[in-house]
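Structure first, then comments.
Just the heavy atoms: all of them, side chains too, but no hydrogens, waters or symmetry mates, feed the values below.
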Amino acid sequence: MLLERTPNAARSWPPCRPVRRSGPQPRTGPGGDEGVEEGLAAIARHASLCYADAMPMAASLFAEPALLTRHREGVQEIGAGPHLVLDALAGRLRRELDAGRLRPDADPRAAAALPLGACFQQSFFLHFSGAHVVQPVEEFAPAVARTVWAAIR
């Protein structure tokens with residue numbers, strides 16, 4: 001039904017694809033936390049673009065409860081959903097906490113929710129108010145990452 005209502009969605013489905021980086025990945029180690037901040041920035045960049053692409057489609061889903069229910073059921077059947085990004089990022093931050101690279105009182109799930117929520121809000125503002133009210137993603141993503149990382153390390 002989704003493709004019936006948004007026929008162009010098939011060309012770019014899914015709107016949010018996993019981040020794939022080539023080449024050597026930065027490693028986090030004692031005294032070397034650049035990898036975590038860079039990872040947070042990459043996730044914020046990707047999430048901002050993903051949410052911006054998905055926002056119009058999501059709005060149409062939420063406008064019709066029956067359509068949303070069908071979509072939710074289909075997504076659940078294949079074991080997918082927007083919560084998986086939060087789960088994955090929280091897991092990464094949990095491993096950093098377990099390795100002693102985060103403040104002992106840091107909450108990995110809350111810390112993961114912060115950049116994702118900021119990115120979702122950024123996409124809402126982009127669509128509702130226009131590009132002139134949002135910071136470009138090239139500036140926004142590293143700023144969000146830097147701020148979250150400074151709060152939890």
Side-chain angles (χ1 to χ4, degrees), residues 2 6 9 11-63 68 71-153:
L2 177 62
T6 56
R11 288 199 324 247
S12 62
W13 189 256
C16 305
R17 292 183 171 85
V19 175
R20 302 273 189 239
R21 291 189 260 166
S22 60
Q25 301 302 306
R27 292 279 180 206
T28 303
D33 52 38
E34 298 83 8
V36 178
E37 185 175 328
E38 288 173 2
L40 287 169
I43 289 166
R45 187 175 305 104
H46 185 73
S48 293
L49 296 172
C50 171
Y51 293 151
D53 286 347
M55 184 66 69
M57 181 185 63
S60 68
L61 286 172
F62 282 95
L68 178 58
H71 182 71
R72 181 185 305 121
E73 290 167 354
V75 168
Q76 289 172 348
E77 282 178 22
I78 63 170
H83 65 285
L84 296 180
V85 175
L86 176 63
D87 293 347
L89 182 52
R92 164 76 191 275
L93 294 176
R94 168 63 59 193
R95 290 188 297 279
E96 295 296 329
L97 179 66
D98 293 345
R101 291 187 286 264
L102 299 186
R103 297 168 39 149
D105 63 340
D107 181 326
R109 191 158 186 88
L114 292 171
L116 297 175
C119 294
F120 191 84
Q121 183 183 51
Q122 174 94 338
S123 71
F124 175 76
F125 290 161
L126 174 68
H127 286 283
F128 191 86
S129 299
H132 67 284
V133 302
V134 298
Q135 188 177 18
V137 71
E138 299 82 17
E139 298 169 13
F140 175 76
V144 167
R146 188 172 43 256
T147 302
V148 171
W149 183 234
I152 62 174
R153 66 177 174 172

>> For the backbone of Gln135 and the side chain of Gln122, can you confirm whether one donor and one acceptor N or O come within less than 3.5 Å of each other?
In response: yes
> Between atom CZ of Phe62 and atom NE2 of His71, what is the distance when rounded to the nearest 0.5 Å?
Replying inline: 8.5 Å
> Under 3.5 Å, is there a donor-acceptor pair between the side chain of His127 and the main chain of Pro56?
Replying inline: no
>> Quick check: closest heavy atoms across Cys119 and Ala44, and the distance to 0.1 Å?
In response: SG-O, 3.3 Å
>> Donor-acceptor check, side chain of Arg95 to backbone of Gly91, threshold 3.5 angstrom: yes or no?
In response: yes
> Minimum heavy-atom separation for Ala111 to Val148, with atom names?
Replying inline: O-CG1, 3.9 Å
>> If you define the side chain from C-beta out and look only at heavy atoms, does anything of Ile43 sit under 4.5 Å from Leu116?
In response: yes
>> Please give me the minimum heavy-atom distance between Leu86 and Arg109, naming the atom from each residue.
In response: CD2-NH2, 3.3 Å
>> Arg146: which residues meet the salt bridge (Lys or Arg N to Asp or Glu O under 4.0 Å) condition with it, sequence neighbours left out?
In response: none
>> Show the nearest heavy-atom pair for residues Ala145 and Ala41, with the distance to one decimal.
In response: CB-N, 3.3 Å
> With side chains defined as the heavy atoms from C-beta onward, is the minimum distance between Val36 and Ile152 less than 4.5 Å?
Replying inline: no
> With a 4.5 Å heavy-atom cut-off, do Trp149 and Leu102 have their side chains touching?
Replying inline: yes
>> Measuring only between side-chain heavy atoms, which start at C-beta, is Val134 closer than 4.5 Å to Ser129?
In response: no
>> Return the CZ to CG distance between Arg101 and Leu93, rounded to the nearest 0.5 Å.
In response: 11.0 Å
>> Quick check for you: to the nearest 0.5 Å, what is the distance between Glu139 atom CD and Arg45 atom CZ?
In response: 12.0 Å
> What residues, two or more places apart in sequence or in another chain, satisfy ring-ring contact (aromatic ring centres under 6.0 Å, His included) together with Phe120?
Replying inline: Tyr51
>> Tell me the closest heavy-atom pair linking Met55 and Ser123, and the distance in Å.
In response: CE-OG, 3.0 Å
> At their closest point, which heavy atom of Phe140 faces which heavy atom of Ala118, and how far apart are they?
Replying inline: CZ-O, 3.5 Å
>> Within this structure, what is the CD1-CD distance for the pair Ile78 and Glu73, rounded to the nearest 0.5 Å?
In response: 13.0 Å
> So how far is it from Gln121 CD to Ser48 OG, rounded to the nearest 0.5 Å?
Replying inline: 11.0 Å
